[in-house]
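Single-structure report; data block below.
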Amino acid sequence: MNDIKVYKINDYEWWASKLNIEETLDFYLKEYNLDEDDNPIENIKECDIDKEGMWWLTEDIEDLEKLGDNDEIVSYKIVHGRRIRKPEPGNLIRRSREVYKYITFREAIEKNGEYEEPFRIASTDW
């Protein structure tokens with residue numbers, strides 16, 4: 001598990017991979033029949049899998065009870081005097097009658113199980 005990295009490939013996809021950034025990008029470009037002009041390596045960011053994360057569908061009774069009738073329990077931070085949503089592990093949100101919990105990428109990798117090829121672990125699509 002220590003050799004798995006998560007790369008933010010673009011503004012809407014994160015990929016988990018045992019490969020380095022160049023090899024992961026090559027895999028991604030071949031998968032979608034793109035070239036590097038479509039997704040330059042300079043735009044890719046390696047994520048901290050213990051601090052950054054994603055929303056994961058949860059049916060855990062404790063999570064559902066914690067959220068109750070609320071639509072979300074999400075952390076916020078103040079940036080330049082503005083309140084901005086900053087999800088942290090354990091936050092909860094309801095979308096289309098389903099409840100999602102914000103978990104770290106490490107947790108998501110563990111839940112996904114073993115794999116060999118890079119895979120899309122998260123996207124902005126609900």
Candidate pair Thr124 and Asp11, rule side-chain contact (heavy atoms from CB on, under 4.5 Å), full reasoning: CA-CA 8 Å; Thr124 57; Asp11 288 339; over 6 Å; no
Lys66 and Ile73: CA distance, side-chain angles, deciding distance, side-chain contact (heavy atoms from CB on, under 4.5 Å) verdict: CA-CA 9 Å; Lys66 182 178 176 183; Ile73 299 174; 4.0 Å; yes
Derivation of the side-chain contact (heavy atoms from CB on, under 4.5 Å) call for Lys5 and Thr24: CA-CA 10 Å; Lys5 294 176 175 39; Thr24 301; over 6 Å; no
Working for side-chain contact (heavy atoms from CB on, under 4.5 Å), residues Leu25 and Ile44: CA-CA 9 Å; Leu25 177 59; Ile44 298 174; 3.6 Å; yes
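When all heavy atoms of Thr104 and Pro89 are compared, the pair lying nearest together is CG2-CG, 3.7 Å. Heavy atoms only, all atoms of each residue included: Met54 and Ala108 are closest at SD-CB, 3.5 Å. Nearest heavy-atom pair across Ala122 and Phe105 is CB-CE2, 4.3 Å.
Among residues at least two apart or in separate chains, ring pair (Phe, Tyr, Trp, His ring centres under 6.0 Å) pairs with a member in residues 29-51 are Tyr28-Tyr32. Within the structure, salt bridge (charged side-chain N to carboxylate O under 4.0 Å, His left out) contacts touching residues 19-29 (residues at least two apart or in different chains) do not occur.
Every residue meeting the ring pair (Phe, Tyr, Trp, His ring centres under 6.0 Å) condition with Tyr102, not counting sequence neighbours, appears here in chain and number order: Trp55. Among residues two or more places apart in sequence or in another chain, the ring pair (Phe, Tyr, Trp, His ring centres under 6.0 Å) test is passed with Phe27 by none. Checked against salt bridge (Lys or Arg N to Asp or Glu O under 4.0 Å), Lys51 has no partners two or more places apart in sequence or in another chain. Under the side chain to side chain contact (heavy atoms under 4.5 Å, CB included) criterion, Asn70 pairs with Leu67, sequence neighbours left out. Annotation: side chain to side chain contact (heavy atoms under 4.5 Å, CB included) contacts of Lys30 (sequence neighbours excluded): none. Remark: Thr58 pairs with Asp60, Asp63, Leu92, Val99, Lys101 by the side chain to side chain contact (heavy atoms under 4.5 Å, CB included) rule, at least two apart or across chains. Partners of Asp48 under the salt bridge (Lys or Arg N to Asp or Glu O under 4.0 Å) rule, at least two apart in sequence or in another chain, do not exist in this structure. Taking Asn43 as the reference, Pro40 meet the side chain to side chain contact (heavy atoms under 4.5 Å, CB included) condition, with sequence neighbours excluded. Residues passing the ring pair (Phe, Tyr, Trp, His ring centres under 6.0 Å) test with Tyr115, sequence neighbours excluded: Phe119.
Looking at Ile41, Asn39, Leu29 one by one, the single match for side-chain contact (heavy atoms from CB on, under 4.5 Å) with Ile9 turns out to be Asn39.
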Which atom pairs, donor and acceptor, lie under 3.5 Å between side-chain atoms of residues 74-86 and protein residues at least two apart or in another chain?
{"unit_1": "Ser75", "atom_1": "OG", "unit_2": "Asn91", "atom_2": "OD1", "d": "3.3"}
{"unit_1": "Ser75", "atom_1": "OG", "unit_2": "Asn91", "atom_2": "ND2", "d": "3.4"}
{"unit_1": "Tyr76", "atom_1": "OH", "unit_2": "Glu72", "atom_2": "OE2", "d": "2.9"}
{"unit_1": "Arg85", "atom_1": "NH2", "unit_2": "Glu72", "atom_2": "OE1", "d": "2.5"}
{"unit_1": "Arg85", "atom_1": "NH2", "unit_2": "Glu72", "atom_2": "OE2", "d": "3.2"}

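Separating the NZ atom in Lys18 from the CG atom in Asp3 is a distance of 5.5 Å, to the nearest 0.5 Å. Atoms CD and NZ, from Glu52 and Lys45 in turn, are 3.5 Å apart once rounded to the nearest 0.5 Å. Interatomic distance, Asp50 CG to Glu107 CD, rounded to the nearest 0.5 Å: 9.0 Å. If you take CD on Glu110 and CD1 on Ile4, they are separated by 9.0 Å, rounding to the nearest 0.5 Å. Distance check: Arg120 CZ to Ser17 OG gives 15.5 Å after rounding to the nearest 0.5 Å.
Remark: side-chain polar atoms of Tyr7 are paired, donor with acceptor, to backbone N or O of Ile21 under 3.5 angstrom.
Dense packing is recorded around CG of Asp35, with more than 12 heavy atoms of other residues, nucleotides or ligands lying under 6.0 Å away.
Ile109 and Trp15 fall into different hydrophobic clusters, where Ile, Leu, Val, Met, Phe, Trp and Tyr are joined by side-chain heavy atoms under 4.5 Å apart, directly or via other members.
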